[in-house]
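All values below were derived from every heavy atom in this structure, side-chain atoms included, with hydrogens, water molecules and symmetry-related copies excluded. In what follows, chains are A, B, ... by sequence order, proteins preceding strands, each numbered from 1.
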Amino acid sequence: MTPLTVLGIESSCDETAASVVRGLADAPPGKILSNIVYDQTDLHAAYGGVVPEIAARAHAEKLDVAVAEALRAAGLSLVGVDAIAVTAGPGLIGGLISGVSCAKGLALGANKPLVGINHLEGHALTARLTDGVAYPFLLLLVSGGHCQLLSVEAAGVYRRLGTTLDDAPGEAFDKTAKLMGLGFPGGPAVERKAEGGDPARFDFPRALLGRKGCDFSFSGLKTALRVKLDGLRAQGPVSERDQADLCAGFQAACVEALSRVSGKAMALFCESHPQIEAPVLAVAGGVAANKAVRSGLEAAARNHGFSLVAPPLALCTDNAAMIAWSGLERFARGHTDDLSLTPRPRWPLDETSKPVVGYGKRGAKA
Amino acid sequence: MKHEPMTRGHSERLAPMVAEVLDDAKVNVANLDGIAVTTGPGSFTGSRLGVSFARGLALAKEIPAVGVSVFEAMAHVFDGNQVVVSLTGKNGALMLQCFERNSPTTEPLELPASIAWQTLPMAGFYDGIGTEFDLLLSHAPEGVKNRGTAKECQPITSEIIAQIGLKRLGQRSPLPTPLYLRAADAKPQAPVMLNG
């Protein structure tokens with residue numbers, strides 16, 4: 001078997017990224033030949049969140065530059081690439097359109113096959129790219145836009161066990177930071193602030209834990225933080241101690257929700273896959289960079305006899321290596337897209353699951 | 001040349017259309033010497049997807065990508081002595097740029113109709129093309145109103161863009177970037193003071 005070499009392109013949120021990955025779909029892990037990420041944090045910082053139009057503008061002027069750099073760093077030209085994989089959704093439509101358009105130009109110009117990739121599949125398969133995890137495995141995808149538990153049954157076959165009914169935890173972290181003026185992105189800022197704080201001083205809700213199933217909810221947690229913060233402000237200045245305790249309490253609530261619901265999912269996964277001796281819980285997404293979240297999940301995995309696979313930080317947040325790897329697996333299975341490939345702002349990984357929220361013309365949000 | 005009016009669907013159609021046009025012209029993509037693309041002003045998303053596609057194709061082929069604004073295209077086909085191109089902006093504003101023969105004499109701008117005339121270099125007699133010359137002229141001071149006439153300009157097609165691209169192939173042009181003329185519609189966050 002000859003290894004495949006795939007160029008990946010990612011522009012679904014606020015990172016413009018390109019990467020070249022080489023490997024065999026049936027014999028992971030893959031080899032990352034280059035991994036270029038132009039992060040837009042500075043452009044969005046003043047706004048306290050990602051501004052879609054600003055993100056789209058930056059992508060349109062950086063995509064080909066990122067691709068050229070990824071090829072150069074890999075020591076290749078497009079001639080040496082077997083396929084071009086691009087994130088076609090879900091995400092911010094402005095960035096997706098630019099990314100898909102650029103990939104089409106590359107594919108047409110270089111006469112190479114085009115493969116449209118679901119961004120969530122990119123995150124889902126990162127554990128295969130980095131650690132060679134075998135199918136099936138359990139995945140917790142936890143980022144600024146997503147919070148899902150998926151049973152990754154086989155190549156391209158996903159079963160959703162649970163999802164957030166409202167916000168993703170990363171969004172809640174960002175909003176917390178915004179309310180407290182801690183800066184953007186909020187995840188690392190809140191994590192720093194929480195150090196030394198007392199997580200027990202304020203009582204934050206852990207939603208849905210008493211319910212059956214593996215769904216999450218984080219909007220009530222956001223509201224709780226705002227109410228507590230307003231209460232403190234009404235009494236005068238909010239001290240450093242108050243801020244640290246608020247952040248610590250908020251973070252602890254997130255960690256507990258994520259680990260306990262993941263625990264329920266691990267039990268379900270074992271029931272449906274009794275033959276698996278060494279089950280794996282893979283975690284992906286930017287929130288997996290949070291140390292408290294990681295250690296909470298590690299403990300939960302240990303309790304359920306799972307091993308936790310958490311990719312290195314740079315591959316937890318958005319990147320194109322994961323898109324290249326997903327493209328490699330899909331292309332190896334004979335999947336390609338033609339030049340009419342259409343970006344999709346909404347695109348659930350498990351298209352058989354019933355949408356729980358926000359089902360509109362564009363499809364299910366989660 | 002192919003032309004399909006559409007308010008949405010550019011993303012799906014553009015690349016297949018380019019492939020079809022190359023087929024119709026019996027040109028292999030390998031034999032392209034350059035690609036020209038409109039940069040705007042117009043739909044932000046439309047400008048972005050055209051520019052992104054052109055830059056991708058140019059990178060793959062190692063050929064130049066040439067960006068042509070709507071102003072430049074109109075000035076090119078009209079080819080007058082002193083030309084002001086005015087287009088409809090947002091909320092009653094005008095988008096305009098001036099040219100002498102084919103060379104721009106002002107930067108492209110979007111600004112309120114009431115002050116637009118003041119930005120014109122005053123020398124010369126203007127031929128006004130585009131959708132908004134009458135509006136522009138209505139805000140000109142008395143005494144200079146006789147210094148411009150609205151003229152017809154043929155519609156811009158992809159053929160015209162390609163012709164301009166061909167002319168500029170030898171020049172070293174910067175990479176095309178979308179021409180927005182307007183900052184993103186977003187307000188920075190107000191500072192948060194927690195400590196008093």
Checklist entry - Of the listed residues (A/G99, A/S101, A/G181, A/G109), which shares the most heavy-atom pairs with chain B below a 4.5 Å separation? => result A/S101
Checklist entry - Quick one: of A/H59, A/R233, A/H44, who has the most non-hydrogen atom pairs under 4.5 Å with chain B? => result A/R233
Checklist entry - Taking the six-membered ring of A/Y38, is the NZ or CZ of A/K62 close enough (under 6.0 Å from the centre) and on axis enough (within 45°)? => result yes
Next on the checklist: Can you see whether A/F173 has A/K178 sitting over its ring - NZ or CZ less than 6.0 Å from the centre and within 45° of the normal?
Outcome noted: no
[X], part contacting chain B, at a heavy-atom distance under 4.5 Å:
| X | value |
| --- | --- |
| A/K112 | neither |
| A/R57 | both |
| A/L229 | side chain |
| A/L108 | both |

Next on the checklist: So for atom CG, which belongs to B/D24, do other residues, nucleotides or ligands contribute more than 12 heavy atoms lying within a distance under 6.0 Å?
Outcome noted: yes
Next on the checklist: So B/L137 and B/L135, do their side chains get closer than 4.5 Å, heavy atoms only?
Outcome noted: no
Checklist entry - Do A/V67 and B/L59 come close enough that some side-chain heavy atom pair is under 4.5 Å? => result yes
Residue, of [options], that accumulates the most heavy atom pairs under 4.5 Å with chain A:
| options | result |
| --- | --- |
| B/K187, B/K61, B/R55, B/E62 | B/R55 |
| B/H10, B/R182, B/R13 | B/R182 |
| B/A19, B/S11, B/G50 | B/S11 |

Next on the checklist: Taking the basic N atoms (NZ, or NE/NH1/NH2) and the acidic carboxylate oxygens, is any pair closer than 4.0 Å for A/K222 and A/E171?
Outcome noted: yes
Item to check | A/S98 side chain vs A/G95 backbone, donor-acceptor pair below 3.5 Å | outcome: no
Item to check | Proximity breakdown for B/L175 and chain A, heavy-atom pairs closer than 4.5 Å | outcome: side chain
